[in-house]
Participant: 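Provided herewith is a single structure, encoded as C-alpha cells, for subsequent inquiry.
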There are 2 protein chains.
Amino acid sequence: MQRSTIDDVAQAAAVSIKTVSRVLNHEPNVRESTRQRVMAAVESLNYHPSQSARSLAGSRSYVIGLLYNNPSANYMFDLQTGAMERCRQDRFQLIIHDCTRRRQDIAKHALGLIDQTHADGLVLSAPVCDEPLLLDALHQRSVPYVCIAPNQSPHHASYSFMDDRAAAREITDHLLGLGHRRIAVIVGHPDHYSAVQRLLGFKDSMKAAGVEPNMQLQKQGFYDFESGYTATRELLALATPPSAILACNDDMAAGALMAAHEANINVPNDLSVAGFDDTYISKVVWPRLTTVHQPIQEMAKVATDQLIRQLKSGAQSEPKRIDHCLVVRDSTGPAPT
Amino acid sequence: MQRSTIDDVAQAAAVSIKTVSRVLNHEPNVRESTRQRVMAAVESLNYHPSQSARSLAGSRSYVIGLLYNNPSANYMFDLQTGAMERCRQDRFQLIIHDCTRRRQDIAKHALGLIDQTHADGLVLSAPVCDEPLLLDALHQRSVPYVCIAPNQSPHHASYSFMDDRAAAREITDHLLGLGHRRIAVIVGHPDHYSAVQRLLGFKDSMKAAGVEPNMQLQKQGFYDFESGYTATRELLALATPPSAILACNDDMAAGALMAAHEANINVPNDLSVAGFDDTYISKVVWPRLTTVHQPIQEMAKVATDQLIRQLKSGAQSEPKRIDHCLVVRDSTGPAPT
DNA sequence: TTGAAAGCGGTACCAG
DNA sequence: CTGGTACCGCTTTCAA
C-alpha cells in the first residue's frame, strides 16, 4: 500500500523508466503495444508521478500560481473556480496566494514564490496585475504570466478583460431611460482600473444625455458594503437627494439598499439603485439588484487558458474580451415625477 | 538574477551545504557566528529553498492539503483564510482541493493527491471528513489529517468543532423568549452533521418549552438560498403560517427573507426570521439577520494548528471546541399578539 | 523505438 | 560543531 514509483511501473511493464516517462508525457516514438502495457501497469499500481521529482528534474513543474488582492469573498470564489477548472483539465496544480498587505515588496515576494515552488507561471488578477515593479521583475526573470482585467495593456503578457466603460454606459443609459436625471454615482476603489473605467462610462452617458456634472452626487467608495452604506447616507441627507444611485459594484449597492431601507425610502419607487458585477449578493438582497454581469469566472478561465497555452507553445495570445450584459432586476424603476 | 541554490549560499558563506541546511532548518549544533554568516549569505543572495528538492529528499514537504466540498463562497473564504493564516506562520504551503462531485472515489483521489504532492497532511472540512472510506484509507497509509466539525469523533484524528446543538438551543430559546410558539424550522443539508445537530437543538428547546412537535412546520433545505426561499413560500401558504422561522444557515435565511418580502410580510413585525453562521450575507440583507456566530475561520485555524503540531511532535491534540455566540440583530422581534 | 546514466537541489546518515 | 556522500523520483541527453 506504499506509494509506487516509476521504477515499479517500469518493472511491471518490463520496460525502462524512460519509456514510462515517454508514455506519461505523451512523447512520440512509443509503440502502441508498449504504450498500452505501460498504461495498464500505471493503472494497476495506481501510480501517480511525484510533482516534486518532476519539477526538480524537468523544466516544467505543472504548478500555476494565482495572485490576488481582493477583499470580496464572492469575487475570489469565482476567480478560483474559473482558474481551477482550467487547471484540472491539463492536470496543473493551482496554488493561490493572497497579496493583501504587501505592496512594496510584492515583486520580491512573487519571485520568492517562484523560486520555492518552481511554478511555471502566474495568473495575476486586478489590481495585483497593475504593479509595474512586479511586472518588470517577472519579465526580467522571464516568468510567464497573464493578467485578468489589467490597467493599461501589459507589455509582455496576454490578458482577459471586459469593457467596463461600455458596461457602465449601458447601465447608466438604463437609468436615464427610466427618466432619471439626478443620478448619483458611488465610485469604486481607486486602486482598481475598473473603478476609473466605470466612472468614465457613467460620465460618457450623462454627458451624452446633456446632464450637467454635479460633484455633490459623486462619492468615493472602496468596493465594500460599508463605503456604499456611508456614501448613500450622505447622499440621502442632501437637500435634494438623487432619484437614482449607481454603485460601481454590488457590495456597495447592497450598502446603498441598506441605507435606503433604514431611511424608510422605497426602492425602486422613491429611489433606484443599480449595482455592478452580478455577484451572488445581487440575487439575495431585496429588492434584487439591477446590475451588469461581469463574467469573472470566465475571465479567470480564459486567462488561465492563455497561460497554459503559452507554457505549451511559447507564444502569447491576443487579449480576449469577455462579454458582459445588463441584468435588469427589481431595484430600478421609473423616476418619481 | 537567476535563482540561487544552496551551493551558492554555501560558497558565499564558506561552509558546506550541510551546514546551510542545518541553519535553515533550525537544527542544533551550529556556532552562532556561523549561523549569522549563513543567514547573511541567504539574505544577500535572496535565496529561497526549492520545495521540490526538499520534499523529494526529506521526509517533509511543507505542503498541507485542504479538502472541501461546500457550495458557499463565504464559508469557503473563511475556511481558506483561517488555514492560510496558520500555514504562513510556519511557512507551509496550502493547496486547496475541491471534492464536489466525487463521492465514491474520493479516497482514491485523495491518495493520489498525496502521492503527487507529497503533502505532509490534510485538513478535512465537513462534510468531506465524514466519509468513512476516506478516513480509513488515510489511516491505512498513515497520512496525518485533522477534521473541522466532523460527525462522530474520528478514531485517529484531532479536530475542531463548535457545539451546534447548544447553539441551536440558544437561538430557539431566543425565539421562544420573544413569545413565539409556532416556530418553523428549515433543516440543513442532510449530508452535514451540523444539520442534524441543529435540528436536535431546536427540538430540545421546543420540547422543553412544552410545544407540540408539528411536522408541517419542518422543511428540508440544502443550505442554499433557493431551498430557503422555496421552503418559506410553502410555509407562508399554510392555513396558519408560523410566526417565526429558524433557518439552519444564513443563506436559507436570506431566502426566507426574500419570500417574506415578496409576500409583503413585514419582518420582524409579522414574522421573525433567524439564521445560522453569521456569514457576510447576514450583515447585508435587510433586515440584518439575527443568527449564531460560527467561528469558521477560527475553527480552520485551530484545526490547521493541530495538524502542524502533529507533524512536528507526532502527537495528536485533544478535540478543541470553539465558542459560538448568539448575535441578535433586526430580523427577530416579539411574536404578534 | 528503446535504454543507460547524469543530474535537478535539497536532506540525512555517518565520519571526523 | 562541521563536512562528505548517498540518495529522493523523475527528466534529459546521448547512444544503441
Side-chain angles (χ1 to χ4, degrees), chain A residues 2-38 41-42 45-63 91 93 112 114-120 311, chain B residues 2-39 41-42 45-63 91 93 112 114-120 311-312:
Chain A
Q2 260 309 308
R3 111 186 279 292
S4 42
T5 74
I6 198 172
D7 293 287
D8 302 331
V9 177
Q11 196 158 16
V15 295
S16 77
I17 61 168
K18 174 62 214 180
T19 299
V20 177
S21 177
R22 280 202 185 84
V23 172
L24 261 39
N25 293 303
H26 306 105
E27 286 174 31
N29 298 331
V30 179
R31 193 181 302 156
E32 177 59 20
S33 64
T34 312
R35 206 189 66 76
Q36 295 199 351
R37 206 143 32 87
V38 170
V42 165
L45 287 173
N46 220 289
Y47 169 68
H48 296 271
S50 153
Q51 276 183 14
S52 315
R54 292 233 280 187
S55 56
L56 192 54
S59 47
R60 302 183 306 292
S61 67
Y62 295 94
V63 168
R91 310 188 136 277
Q93 174 83 42
I114 295 286
D115 283 349
Q116 282 179 230
T117 64
H118 295 228
D120 290 333
L311 293 177
Chain B
Q2 261 307 309
R3 109 187 280 294
S4 43
T5 73
I6 197 170
D7 293 288
D8 302 332
V9 177
Q11 196 158 16
V15 296
S16 76
I17 60 167
K18 176 60 212 178
T19 298
V20 176
S21 177
R22 280 201 185 87
V23 171
L24 262 39
N25 294 300
H26 305 104
E27 285 173 31
N29 296 333
V30 179
R31 193 183 302 155
E32 178 58 21
S33 64
T34 312
R35 203 188 67 75
Q36 295 199 350
R37 204 141 35 86
V38 170
M39 288 313 286
V42 165
L45 287 173
N46 220 289
Y47 167 69
H48 295 272
S50 152
Q51 276 184 13
S52 314
R54 288 180 94 177
S55 58
L56 193 54
S59 47
R60 302 182 307 291
S61 68
Y62 295 94
V63 168
R91 311 187 135 275
Q93 176 83 43
I114 295 284
D115 283 349
Q116 283 180 230
T117 63
H118 296 227
D120 290 334
L311 293 176
K312 286 181 169 170

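Computation of the quantities below employed the complete heavy-atom set of this structure, encompassing side-chain atoms and omitting hydrogens, waters and symmetry-equivalent molecules. In what follows, chains carry the letters A, B, and so on, assigned in the order in which the sequence lines appear, proteins first and then strands, with residues in each chain numbered from 1.
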Participant: May I ask you to verify if any side-chain N or O of B:Ser21 is less than 4.0 angstrom from the OP1 or OP2 atom of C:dT11?
Facilitator: yes
Participant: How is B:Val20 classified with respect to the nucleic acid when contacts are heavy atoms under 4.0 Å: base, sugar-phosphate, or nothing?
Facilitator: nothing
Participant: Of the options D:dG4, C:dG10, C:dT2, whose atoms approach the side-chain atoms of B:Thr5 most closely?
Facilitator: C:dG10
Participant: Does A:Ile17 or A:Arg37 map to a spot on DNA chain C nearer the 5' end, using the closest nucleotide for each?
Facilitator: A:Arg37
Participant: A:Ile6 CD1 to D:dC8 P: how many Å, rounded?
Facilitator: 14 Å
Participant: For a quick test of reading the model, state the closest non-hydrogen atom pair linking A:Tyr62 to A:Asn25 and the distance between them.
Facilitator: OH-OD1, 4.3 Å
Participant: Counting C-beta onward and ignoring hydrogens, is there a side-chain heavy-atom pair between B:Lys18 and B:Glu27 closer than 4.5 Å?
Facilitator: yes
Participant: Tell me which one of B:Ser55, B:Ser50, B:Ser61 satisfies side-chain hydrogen bond (donor to acceptor under 3.5 Å, both in side chains) with A:Ser52.
Facilitator: B:Ser55
Participant: Could you please name the option among C:dG3, C:dG10, D:dG9 that lies closest to any side-chain atom of A:Arg3?
Facilitator: D:dG9
Participant: Please report, rounded to the nearest Å, how far the P atom of D:dG9 is from the CZ atom of B:Arg54.
Facilitator: 18 Å
Participant: I need the CG-P distance between A:Asp7 and C:dG3, as an integer number of Å.
Facilitator: 13 Å
Participant: Starting from C1' on D:dC8, measure out to CG on A:Asp8 and report it in whole angstrom.
Facilitator: 14 Å
Participant: Describe the nucleic acid contact of B:Ser59 in one word from base, sugar-phosphate, nothing, applying a heavy-atom distance below 4.0 Å.
Facilitator: sugar-phosphate
Participant: If I compare all heavy atoms of A:Asn46 with all of B:Asp115, which pair ends up nearest, and what's the gap?
Facilitator: O-OD2, 4.3 Å
Participant: Reading DNA chain D from 5' onward, which residue's closest nucleotide shows up sooner: B:Ala53 or B:Thr19?
Facilitator: B:Thr19
Participant: Within the structure shown, what part of the strands sits under 4.0 Å from B:Ser55 by heavy-atom distance: base, sugar-phosphate, or nothing?
Facilitator: nothing
Participant: Can a donor-acceptor pair be found, under 3.5 Å and without considering hydrogens, that links the side chain of A:Arg37 to the backbone of A:Ala13?
Facilitator: yes
Participant: Looking at every non-hydrogen atom in both residues, tell me the closest pair between B:Asp120 and B:Leu311 and how far apart they are.
Facilitator: O-CD2, 3.4 Å
Participant: Taking NZ from A:Lys18 and P from C:dG7, how many angstroms apart are they, rounded to a whole number?
Facilitator: 17 Å
Participant: Give a yes/no answer on whether the side chain of A:Tyr62 brings an N or O atom under 4.0 Å of OP1 or OP2 in D:dT11.
Facilitator: no
Participant: For the pair made of CD in A:Glu27 and C1' in D:dT13, what is the distance, rounded to whole Å?
Facilitator: 12 Å
Participant: Among D:dG3, C:dT2, D:dG9, which is the nearest nucleotide to the side chain of A:Val30?
Facilitator: C:dT2
Participant: Got a second to check how far A:Arg54's CZ is from A:Ser21's OG, nearest 0.5 Å?
Facilitator: 8.0 Å
Participant: Within less than 4.0 Å of OP1 or OP2 of D:dG3, is there a side-chain N or O belonging to B:Ser16?
Facilitator: yes
Participant: Once you build an axis from the first five pairs and another from the last five of the helix from C:dT1-D:dA16 to C:dG16-D:dC1, how far apart in angle are they, to 10 degrees?
Facilitator: 30°
Participant: On DNA chain D, does the nearest nucleotide to A:Leu56 precede the nearest nucleotide to B:Arg31 from the 5' side, or the other way round? Give the residue.
Facilitator: B:Arg31
Participant: In whole Å, what is the span from the NE2 atom of B:His118 to the P atom of C:dG10?
Facilitator: 16 Å
Participant: NA contact type, A:Ser52, heavy-atom cut-off 4.0 Å: base, sugar-phosphate, or nothing?
Facilitator: nothing
Participant: Between the base of C:dT1 and the side chain of A:Arg22, is there any donor-acceptor pair under 3.5 Å?
Facilitator: no
Participant: State which residue, out of A:His118, A:Arg91, A:Gln93, fulfils the side-chain contact (heavy atoms from CB on, under 4.5 Å) condition with A:Gln51.
Facilitator: A:Gln93
Participant: Let me confirm one number: the OG1-NE2 distance from B:Thr117 to A:His48, rounded to the nearest 0.5 Å.
Facilitator: 11.0 Å
Participant: Rounded off to whole Å, could you give me the CG-to-P distance for the A:Asn29 and C:dG3 pair?
Facilitator: 13 Å
Participant: Which is more 5' along DNA chain C, the nucleotide nearest B:Gly58 or the one nearest A:Thr34? Just name the residue.
Facilitator: A:Thr34
Participant: Determine the contact category for B:Asn25: base if any of its heavy atoms lies under 4.0 Å from a base atom, sugar-phosphate if only primed atoms, P, OP1 or OP2 are that close, otherwise nothing.
Facilitator: sugar-phosphate
